[in-house]
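Chain letters run A, B, ... following the sequence lines, proteins first and then strands; every chain starts at 1. None of the values given here were measured: they were computed from a predicted structure.
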Protein chains: 2
Amino acid sequence: MTFANAGTLGTVPGKRDELVARLTMRSPLLEQLGCLAYEVGVNDDEPDTVFVVEIWESAEAHRSSLADPEVQASIASARPLLSGAFGGFRFDIVGSPLRD
Amino acid sequence: MTFANAGTLGTVPGKRDELVARLTMRSPLLEQLGCLAYEVGVNDDEPDTVFVVEIWESAEAHRSSLADPEVQASIASARPLLSGAFGGFRFDIVGSPLRD
């Protein structure tokens, strides 16, 4: 069952665009790990927040990705940009009105 | 610029699956209105909530869709299933690590 993670990442003031740049760097690894979509964005009403929507082949693929050494290194290197404020939600995808 | 809406819809207790069934009914109209993705799901940790992630051609396409008479009728008919609790966030998509 495909799995979605929709999240907000608070950044240190002024570091939003640097975090966006890191999160959008081309990553064949994510695809290999079972990531089907990973959209990164901003909302000027919340200038110190980065927004992400991820779709994964399964909740397990998402969980496993977080244990991957390369992913862990990437998270560690981004940590100085983060304020520590996180939000969002996760769910199992059960359907879409855009497909049968 | 593509636009994302990630939302939670609280339901009247026990009505989650009925709302999921409505939201996942095949809708060529949504595509015509500029909807690129519309994923609907559940999380058993929150049994009276339906989760959605939508991607639209633009924020304007999303806004306009809410004024479409057919969409408005569909929202009105789902209203008895909703508890009135809504959450989530919206953002402009600026990139993805899965594409150049």
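A:Leu23 touches chain B through its backbone: at least one of N, CA, C or O sits under 4.5 Å from a heavy atom, while the side chain does not. Looking at A:Phe89, the atoms closer than 4.5 Å to chain B (heavy atoms on both sides) all sit in the side chain, from C-beta outward. At a 4.5 Å heavy-atom cutoff, the contact between A:Leu36 and chain B is made by backbone atoms alone.
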For this session: Starting from the C-alpha separation in whole Å, work towards a yes-or-no answer on side-chain contact (heavy atoms from CB on, under 4.5 Å) for A:Phe91 and B:Thr8.
Result: CA-CA 10 Å; A:Phe91 60 96; B:Thr8 60; over 6 Å; no
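Considering only heavy-atom pairs separated by less than 4.5 Å from chain B, the leading option among A:Arg90, A:Arg99, A:Glu31 is A:Arg99. Per-residue heavy-atom pair counts under 4.5 Å with chain A were compared for B:Asp45, B:Val40, B:Ile55, and the maximum is reached by B:Val40. Chosen from A:Pro28, A:Gly95, A:Ala6, the residue pairing most often with chain B at heavy-atom distances under 4.5 Å is A:Gly95. Taking chain A as the reference chain and counting heavy-atom pairs below 4.5 Å, the highest number among B:Val42, B:Val20, B:Val94, B:Asn43 is found for B:Val42.
More than 12 heavy atoms of other shown residues, nucleotides or ligands fall within 6.0 angstrom of atom CD in A:Glu60. With a 6.0 Å radius and a threshold of 12 heavy atoms from other residues, nucleotides or ligands, B:Gln72 has its CD atom above the threshold.
Under a hydrophobic-cluster definition in which Ile, Leu, Val, Met, Phe, Trp and Tyr are linked whenever side-chain heavy atoms come within less than 4.5 Å, directly or via other members, A:Met25 and A:Leu29 are assigned to different clusters. In the hydrophobic clustering of this structure, B:Val53 does not group with B:Met1; members are Ile, Leu, Val, Met, Phe, Trp, Tyr whose side-chain heavy atoms approach within less than 4.5 Å, directly or through other members. If you chain together hydrophobic residues whose side chains sit under 4.5 Å apart, A:Tyr38 and A:Leu81 fall into the same group. Linking ILVMFWY side-chain heavy atoms closer than 4.5 Å, directly or via other members, places A:Leu30 and A:Leu19 in a single hydrophobic cluster. In the hydrophobic clustering of ILVMFWY residues, with side-chain heavy atoms under 4.5 Å counting as a link, B:Val12 and B:Phe86 come out apart.
Between the OG1 atom in A:Thr24 and the CG atom in B:Leu98 there is a gap of 11.0 Å [rounded to 0.5 Å]. Between atom CZ of residue B:Phe51 and atom CG of residue A:Asp92 there is a gap of 9.5 Å, rounded to the nearest 0.5 Å.
Using a distance-only test at 3.5 Å, with no hydrogens or angles considered, no donor-acceptor pair links the side chain of B:Ser96 to the main chain of A:Glu39.
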